[in-house]
Each structure stands twice: as structure tokens, then as C-alpha cells.
2 protein chains.
Amino acid sequence: MKTIGDIAQLAGVAKSTVSRYLNGGSISEPTKKKIERIINETGYMPNNFAQSLKAKKPNIIGTIVPRLDSFAASQILTGIDKHLRELNYQMLISNTSQELEREIESVYSLYNQKVAGIILLATQITKDHLKAFNETELPVVLVGQQHDKVYSIIHNDDAAAYDLGKYVLENGHRKIAYLGVTEKDIAVGVRRKEGFNRAISEREDCEVEYYETSFKMEDAIKISSHIIETFDPSIIVCATDNIALGALKAARLKGLDVPSALSITGFGGYEITGIIHPGLTTVKFHYEDAGRLAADSLVTLLNEGQVPLLNLSEYQIIERESVDKKFGR
Amino acid sequence: MKTIGDIAQLAGVAKSTVSRYLNGGSISEPTKKKIERIINETGYMPNNFAQSLKAKKPNIIGTIVPRLDSFAASQILTGIDKHLRELNYQMLISNTSQELEREIESVYSLYNQKVAGIILLATQITKDHLKAFNETELPVVLVGQQHDKVYSIIHNDDAAAYDLGKYVLENGHRKIAYLGVTEKDIAVGVRRKEGFNRAISEREDCEVEYYETSFKMEDAIKISSHIIETFDPSIIVCATDNIALGALKAARLKGLDVPSALSITGFGGYEITGIIHPGLTTVKFHYEDAGRLAADSLVTLLNEGQVPLLNLSEYQIIERESVDKKFGR
DNA sequence: ACAGACGGCGGAACCGGTTCCATTTAAATC
DNA sequence: GATTTAAATGGAACCGGTTCCGCCGTCTGT
């Protein structure tokens, strides 16, 4: 591949002139034309490493993701990637397979790769995380979790869960099972539960039981079956769409019709929830936008711009068929 | 941040000596100790750009992927990433949003990032692809598509489709709609269709119609509705699980029971196909293994090992409820 | 007509490493 | 003790860009 020197030689100018052409300095029209022609002919591309060496401004952004095979993660990644590309950055993905220590490792390893900054699709933020951020002095943007010391983009879990809770109540449900996840996950495990609970607390006449499961569909199926057997609610409110899908399966295995015998709701807005039957009533988060926002925030940070510590990404309740309207009858 | 020169100065040696210490040349015990101490004290880390500028041994593997938000892609990526990590490589993902030119761009851009090699989750291979591979002289491994000049890992589409065809016939289906995709996609568009057709050709008494759609569920819904109205087959064989999901939806919209009124099969083995009702009979490809294999092949290639030009990844037919057993009755 | 200003350009230093080559130093051989 | 030989180290070139500096020529103002 050609270097800037080759181009300069072919154009009969100094390499500084070519560099100036590339970066927009003052150049006469004929020289500009000449260089332009040569560059087009040769398909020259500047060597990124040489550029970054002097400029000290790496253009790679590291993204740490707990898993690649999740709808939410891939949507967020897509958003990050698209926007980063527009801003002339590259995305380096590091997958941690949901192992927390690997997140820390990854921070250091990305630091080593000389990334300009890090976007972390976080699950929890520990002291070790903060230590890594401090030691590497890398700008960090969190997605999906909030921390008062780190820039964060979060889905508005609390408000969404509150709205969903209201919706459930409005439709006449009074015996409710909430199927959540570990409280270690602040956003999904705590915020959603709390938001939902806030809505419920505004009424006196309803009975709620809280359960906990993992993010896996299989586990959700088991626990849902158990809930149906022992508590027999009129609705199961699930903390994620995958869990809701599991609950749906459990209902079917038990021979319960959804929504007439049992209602179910999810969280996430995965495409599949609109395809299955019955369509799942869920909260749609704008994951791709969140990713976009994260990319934008990080780049702004890199250019010493101002960014709010916390950014909320939008949501909307998608009403489909999985919730029985007891008052509509 | 300290440079190698600073370290050299602090240790009272030349920077070449420090470089040698770092990369394992011959160094006396006392100097080694001295440098080691300084490096530990300062927490020195070599500048990756400067290294890659002159050097030779990048440890980043570029992966080009048409989209991140697909089950297959994320599984393959997971496989690649896991294995690469074991081999001490990093994965740099480049997303092309299904734009073909971007694949070419990405090859050059990855070359520019000085990746050691490229894994391409291919859709089609054009002359421009080959040109880019040649010009950059980067080792390339294809996943999902085959080419006689490039190392490839393919899912055994042909055999899988053949087996599935046999299965469909064995269950008594004789009026069959095959819902495929563009033939530009050799693996999914051509191989699957051909394999299926081979099975069908072994019988004289069946009626088959071939249709084409995109990879999107919405499109599949529309076309499936059309197929039902105009052709009214006993089964729709779909080239991907997403298409099958669309067909399922169409059947439901038309009020057709699956499988008694209409059978449906897919390709892929997405987890969701086992959760929905009725469970989708499909062909499960071992995507993660394929990714693993791709990573392994590329690294072997980098170390000048021998790798077969073509590797087949495994599959299995998953029998669920979406196919009516006409002979079982 | 001449001094000063300015646009366009080439030369060279520099970024932070690696590596080749020459030289010093120490160890080994006779 | 002198000579051979290998190990250890320093010096300098180099990778491919960017950027500072200064020279040259033309244009402008008086």
C-alpha cells in the first residue's frame, strides 16, 4: 500500500504538502488538482497508526458488553456503531460473557489498545469498576445503569414501570405476580420493581407477590409454572420480554389461555413480541437511540464538551393482546 | 504518560535496551532488574500505535458483520470472540448495516487499523471483495458463504435442506410452498433451495411452488398471506426462522391452525422457536461452533498452519409441533 | 519603484516505538 | 597473558504521518 511519501513523489510535491491537502491547509488550485488525481488513482489511505502516533487522538472507542446474543445489546451496539461511524470512529467490542471480573479486565485491556474512551453496557458498577476508570483515566459512558460518578444513559425504567403498573391496575387486575430479577442489577432488578411498586402502592385493594428469576427463558418457565400453581394471579408482570416469553410458555403448558385466564406483560419491546400470538403487551425501550446517545456523549466528552451526567432514553407502552381488560367487558 | 525514552533515561540505559527487555532479547541480570523496577514504579505501558507503526504482530482480528441484530450473527460473533480470547486475540467488529460496499470499505479500514486478519460473515463475494483481499494481503476467513479462492466455514445448507425436504415428504406433504430469499445470497438463497429441491425431485407426485422474500418478518407475513390465498399449500418451508415466524403470524391472521391446517418449517434454530406455540420444526445450525472454527482457522493461518479451504459446520433437524404428520394419523 | 504582507510550498524535526549495526565488555580458550 | 568469541549495550535509522519554520514569489500600498 502507498504511503504519503509515495503520493508526494508521484505528484511531485513534498509530503507536507500532501498532508496539508488532506487536512485542509492553504494549497493552490493546480497542486490540489494534481494531488487529488493521484490519490484517486492510487486509492491511497492514510495509516491510522502513524496518524494517531503524532496526533495522540486515537479514534477507536471500546465497548464492553456482557453478551452479544441479546436483543437489547445488539440494538444498542447497532446504535453506537452507526453513530460512531458518522463521527469517524471505530468500535472495538469486548464481550465479557456476563462475567463481572472480565469487565474490569476489559477496561485495562482496552486501555492497552489505546482506545479513546469506553462505553460500558453495564450490569452493576462495583468499586473495582471505579478504580479501573480512575487508573486508566479513560472517559466512560454507562448504558443501562446509573452511577453518580459516571456519565450514564439509562432507559427510564422507573417511569416505565410506574406507567405499566398504572396500566395494569386500570385494566382491573388486583391479584398480581411481579416476576423480577436479582437486585444486583439496579436498572432491571431494582428500578423496574420500584417503579411498579410505586404504582401499586397508590391503591389499597390489591394483592401483589414478588418473585425473582434469572434472565433465561427456561428458568422463567419453571418459576412461572410455580407461580401459577401456588399463587394463581390474574396477571404476571415480567421484568423482561424474555421472561414474559417464558411465562407465556408456562401458561400454555398449564393449559391457561392468555389473556382470558392469565395476563402477561414484558419489558423491552423485542420485535418477536409483536409476532407471536397472543401479541405481548410490553414496554418498548429505544435501545438504538440509547446507543446513539451514548456514542454521542462519549465523543462530546472526548472533545471536551459538556454532557449531562445522566441521560434518559425514551420508552413507550405497546398495548397488544396479552393483557385482559377486565373493565372493558 | 511515560515513554520508552523516559524509562531508558531513568534506568540509565538506551531505549533500545528497554525495548529489548520488553521484547525478550539478551540482557544482563542487573540491567534487567533495574529496568523492571523502573517499569513497575512508573506503571509504564508501551504506546500501541508506535508499536504497530513499525511492527509486525498485531493481535487484533477484524470481524465484518452485515448486521448485529440477528440471532445467527450474534451467535457466530460470540463463538469467534470466546475462542479469540482464549488465543489471546482481540476482536474488532465492523458493522456494515447490510450495505455491500461497506464490506469492501471495511476491509481497507481494518487493514488500516492493522488487524492481523479478517473474519467476514459474508452474504456475497464479489470481485471487489477479492480485490480488497488481494490488495491488503490480509488472511481472510469467510463464514456462511463459500468461495473457491478463500477459506470458508459454511453451514451445511445443502445437506440440511435435503434432509429437511425428506422429512417433509416423509410426513406426507405433497403440496409445498418454498419461501426463500434472493439468490444473491448463495448459502441461504441458493444452497438451501437446491438441497430442498434435490429431495423433492426424488418424488414425482408433488407440487412445489417457489417464492422469494426478504429477511424481514414483516415482508414474510405479507408474502405468506399471499401464498395462502393463491396457492393454499399444506406446508410452507421457509429459508430462515424469521421468515417462518412471519409465516406463522400470517397463518394466524388467516385463522389457519398450525399444523393441522398449515404446516411450517424454518431454518436456523433460534431459541425463540422452541418457546412459541406451536413449537417450530426447524434446522438448528451450530452457529457458535462455526464462529469458533472460523477464529481457529484464522489464527492457524496466521501462524502459517494448514487449514482446509472449506469447513462444514454441523446441523440437526429439531422436530417440534409445526409440521403435521399426515401419515401418523 | 520599493518595502512589507501573505499565500504556497519544501525541508526537517518529531511522535514512540523497533531493529540493524557497530562497539564495548566479559567470558572462554589455548 | 593474549586471542577468540559471544553477550550486552548504545546509536541511529526507520515506520508514516503532522507540524513548525523559513524561503520564495507575487501582490499591495504609498
Side-chain angles (χ1 to χ4, degrees), chain A residues 1-39 42-60 88-90 111-116 137 303, chain B residues 1-39 42-60 108-116 135-138:
Chain A
M1 267 240 166
K2 303 266 178 238
T3 73
I4 199 171
D6 298 332
I7 303 301
Q9 208 176 331
L10 287 170
V13 299
K15 52 178 199 166
S16 48
T17 307
V18 179
S19 175
R20 230 164 297 151
Y21 164 81
L22 258 11
N23 301 294
S26 65
I27 288 176
S28 70
E29 203 51 37
T31 339
K32 191 186 269 180
K33 283 267 153 59
K34 214 164 33 177
I35 297 178
E36 192 170 4
R37 192 173 53 78
I38 302 285
I39 288 191
T42 55
Y44 163 78
M45 294 196 97
N47 180 318
N48 205 283
F49 288 98
Q51 285 183 313
S52 304
L53 181 55
K54 180 94 190 197
K56 292 199 163 200
K57 243 172 96 189
N59 70 338
I60 302 186
N88 266 313
Y89 282 82
Q90 277 268 345
Y111 169 75
N112 225 320
Q113 304 277 353
K114 290 278 182 285
V115 299
E137 294 179 345
N303 298 323
Chain B
M1 171 77 70
K2 301 257 179 259
T3 74
I4 199 171
D6 299 333
I7 303 300
Q9 208 176 331
L10 287 170
V13 298
K15 52 179 200 165
S16 47
T17 306
V18 177
S19 175
R20 234 169 333 221
Y21 164 81
L22 257 11
N23 301 295
S26 62
I27 285 165
S28 70
E29 201 53 37
T31 359
K32 189 187 269 178
K33 282 267 154 58
K34 214 164 31 178
I35 297 177
E36 191 170 3
R37 191 172 54 78
I38 302 285
I39 287 190
T42 57
Y44 163 78
M45 291 200 109
N47 180 320
N48 200 279
F49 295 108
Q51 285 184 313
S52 304
L53 183 55
K54 178 94 185 186
K56 12 72 294 257
K57 32 137 212 205
N59 69 337
I60 302 186
Y108 290 110
S109 134
L110 288 171
Y111 168 78
N112 207 263
Q113 303 275 355
K114 291 276 181 287
V115 300
E135 278 188 12
T136 59
E137 293 178 346
L138 248 27

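No hydrogens, no waters, no symmetry mates; every other heavy atom, side chains included, goes into these values. Note on naming: letters A, B, ... go to the chains in the order of the sequence lines (proteins, then strands), and numbering restarts at 1 for each one.
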What is the distance, to the nearest angstrom, from the [atom1] atom on [X] to the [atom2] atom on [N]?
X	N	atom1	atom2	result
B:Ile4	C:dC15	CD1	P	14 Å
A:Lys34	C:dG8	NZ	C1'	12 Å
A:Ile35	C:dC9	CD1	P	8 Å
B:Ile39	C:dG17	CD1	C1'	13 Å
A:Gln51	D:dC15	CD	C1'	14 Å
B:Tyr44	C:dG16	OH	C1'	7 Å
B:Lys2	C:dC15	NZ	C1'	17 Å
A:Met45	D:dG16	CE	C1'	15 Å

Inset, instruction - For B:Ser16, enumerate each residue passing the side-chain hydrogen bond (donor to acceptor under 3.5 Å, both in side chains) test, keeping only those at least two apart in sequence or located in another chain. - result: none
Legend entry - Which atom of A:Ala14 lies closest to which atom of A:Ala8, heavy atoms considered: C-CB, 3.7 Å
Inset, instruction - Please report the closest heavy-atom contact between A:Ile35 and A:Ala11, naming both atoms and the distance. - result: CG1-CB, 4.2 Å
Once side-chain contact (heavy atoms from CB on, under 4.5 Å) is applied, do any residues pair with [X], and if so which ones, sequence neighbours excluded?
X	value
B:Thr31	B:Val13, B:Ile27, B:Ser28, B:Lys34
B:Gln9	none
B:Thr42	B:Lys2, B:Ile7, B:Leu10, B:Ile38, B:Tyr44

Inset, instruction - Tell me whether the OP1 or OP2 atom of D:dT18 has a side-chain N or O from A:Asn23 closer than 4.0 Å. - result: yes
Legend entry - Axis bend over the full length of the helix from C:dA1-D:dT30 to C:dC30-D:dG1, computed from five pairs that close each end, to 10 degrees: 40°
Restricting to nitrogen or oxygen on both sides, can you table the protein-nucleotides 5-8 of chain D pairs closer than 3.5 Å?
unit_1: D:dA8; atom_1: OP2; unit_2: B:Ser26; atom_2: OG; d: 3.4

Inset, instruction - First locate atom CD1 of B:Ile4, then atom CG of B:Leu22, and finally report the distance between them rounded to the nearest 0.5 Å. - result: 5.5 Å
Legend entry - From CD (B:Glu36) to OH (B:Tyr21), nearest 0.5 Å: 4.0 Å
Inset, instruction - Sorted by first residue and then second, give each salt bridge (Lys or Arg N to Asp or Glu O under 4.0 Å) pair with at least one member in residues 11-31 of chain B; sequence neighbours left out. - result: B:Glu29-B:Lys33
Inset, instruction - Go through residues 15-22 of chain A and report each residue with a non-hydrogen atom lying under 4.0 Å from DNA chain C, sorted by number. - result: A:Ser16, A:Thr17, A:Arg20
